[in-house]
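Notes follow the structure.
Only heavy atoms go into these numbers, but all of them, side chains included; no hydrogens, no water, no symmetry mates. First the proteins, then the strands, lettered A, B, ... as listed; each starts at 1. In this text, all values refer to a predicted model and were calculated from it rather than measured experimentally.
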Number of protein chains: 2
Amino acid sequence: MDQEMKVAYQDDLDEETLFLVSQTFKALSDPTRIRILNLLFKKEYSVNEIAETLELKQSTVSHQLRFLKNLRLVKYRREGTTLFYSQDDEHVMNMLKQTIEHANHS
Amino acid sequence: MDQEMKVAYQDDLDEETLFLVSQTFKALSDPTRIRILNLLFKKEYSVNEIAETLELKQSTVSHQLRFLKNLRLVKYRREGTTLFYSQDDEHVMNMLKQTIEHANHS
DNA sequence: CTTAAATATGAATATATAATCATATATGAA
DNA sequence: TTCATATATGATTATATATTCATATTTAAG
């Protein structure tokens with residue numbers, strides 16, 4: 001490896017890490033997604049239940065769930081025509097919980 | 001308080017919390033800001049040092065530092081015409097460090 | 001095979017965001 | 001005061017994002 005590249009990168013992050021980290025935090029940077037994940041702390045919810053509870057359009061919830069699903073932050077199980085979504089990443093959910101608590105008593 | 005409002009809000013977050021939490025994560029959702037904060041793990045840097053190290057425009061760095069400063073994630077001290085920026089939020093920096101490590105061995 | 005219910009999807013739109021350029025401001029030295 | 005250096009700021013532009021509407025798809029029931 002070239003000496004100059006080493007120097008240039010020694011205090012910087014590689015692209016893959018940067019992408020993964022930024023995507024993870026981006027998932028938690030939108031109020032709607034935070035509200036959805038906050039629901040999923042306690043139990044699983046169907047798409048419609050989330051929409052009703054949070055007073056959001058069904059399509060809004062579905063789009064955001066797809067986003068969260070792609071990042072493997074949520075998973076679902078099917079029961080007939082109903083899909084029950086639940087959390088699927090302990091690390092991220094813990095960060096969210098911590099930050100909510102941090103924000104609450106500040 | 002109205003019964004209906006209670007019901008609507010019981011599993012939801014209040015607006016202020018939601019704003020604080022989303023802003024915090026938004027700060028960490030941009031690759032450029034992540035790279036800047038990643039530098040500040042080790043030591044303080046001037047604006048120009050950050051720009052040179054990360055090969056960014058001076059104005060880009062300055063804009064992003066203002067963003068991070070507004071959220072009190074960084075602070076600075078002056079030495080002549082030079083401003084040295086450093087980290088100013090342990091909780092957020094720990095989250096970032098954890099997530100970088102998590103991303104690195106995955 | 002039709003229908004109803006639940007969910008997903010695509011297109012459109014409005015808004016937010018990041019980077020850049022040009023320039024302003026601030027500090028200290030001469 | 002003049003100048004050089006470091007940093008900040010405002011305006012512009014390009015891109016990304018979230019929401020919405022309309023409609024498609026999927027599943028199970030009848």
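- Ranked by how close their nearest DNA chain D nucleotide is to the 5' end, Val61(B) and Leu56(A) are led by Val61(B).
- A nucleotide of DNA chain D counts as in contact with chain A when one of its atoms lies under 4.0 Å from a heavy atom; the first and last such, 5' to 3', are dT17(D) to dA28(D).
- Annotation: side-chain hydrogen bond (donor to acceptor under 3.5 Å, both in side chains) contacts of Gln23(A) (sequence neighbours excluded): Lys26(A).
- Distances shown here put a side-chain N or O of Arg66(A) below 4.0 Å from the OP1 or OP2 atom of dT9(C).
- Not counting sequence neighbours, the partners of Gln58(B) by the side chain to side chain contact (heavy atoms under 4.5 Å, CB included) test are Val47(B), Asn48(B), Ser62(B).
- Taking Lys43(A) as the reference, Tyr45(A) meet the side chain to side chain contact (heavy atoms under 4.5 Å, CB included) condition, with sequence neighbours excluded.
- By the side-chain hydrogen bond (donor to acceptor under 3.5 Å, both in side chains) test, Thr17(B) is found to be paired with Asn104(A), Asp14(B), residues two or more places apart in sequence or in another chain being considered.
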Table please: side-chain donor-acceptor pairs of residues 82-92 of chain A below 3.5 Å, with sequence neighbours left out.
from	atom 1	to	atom 2	distance (Å)
Asp89(A)	OD1	His91(A)	N	3.1
Asp89(A)	OD1	Val92(A)	N	2.9

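- Residues Ala27(A) and Leu73(A) share a closest heavy-atom pair of CB-CD1, 3.6 Å.
- Using a 4.0 Å heavy-atom distance criterion, Gln64(B) is classed as a sugar-phosphate-only contact.
- For His63(B) and dT17(C), a side-chain-to-base donor-acceptor distance below 3.5 Å is absent, hydrogens and geometry of angles not being considered.
- A heavy-atom distance below 4.5 Å is found between the side chains of Val21(A) and Leu96(B).
- Pairing for dC1(C) goes to dG30(D), judged as Watson-Crick or G-U wobble with the two contacts each under 3.5 Å.
- Heavy-atom distances under 4.0 Å link DNA chain C to Lys26(B), Asp30(B), Thr32(B), Arg33(B) of residues 23-49 of chain B, given in residue order.
- Residue pairs satisfying the salt bridge (charged side-chain N to carboxylate O under 4.0 Å, His left out) criterion with at least one member in residues 29-40 of chain A, sequence neighbours excluded, are listed as follows: Arg35(A)-Asp12(B).
- Under the salt bridge (Lys or Arg N to Asp or Glu O under 4.0 Å) criterion, Glu44(B) pairs with Arg77(B), not counting sequence neighbours.
- Counting heavy atoms from C-beta on, the side chains of Leu37(A) and Val74(A) come closer than 4.5 Å.
- dA6(C) atom P lies 16 Å from atom CG of Leu65(A), rounded to whole Å.
- Per the geometry, NZ belonging to Lys57(A) stands 17 Å off C1' belonging to dA8(C), to the nearest Å.
- Taking every heavy atom of residues 67-88 of chain B and every atom of DNA chain D, pairs under 4.0 Å involve Thr81(B), Thr82(B), Leu83(B), Tyr85(B), by number.
- At a threshold of 4.5 Å between side-chain heavy atoms, the hydrophobic network of Ile, Leu, Val, Met, Phe, Trp and Tyr places Phe41(A) and Leu56(A) in one connected group.
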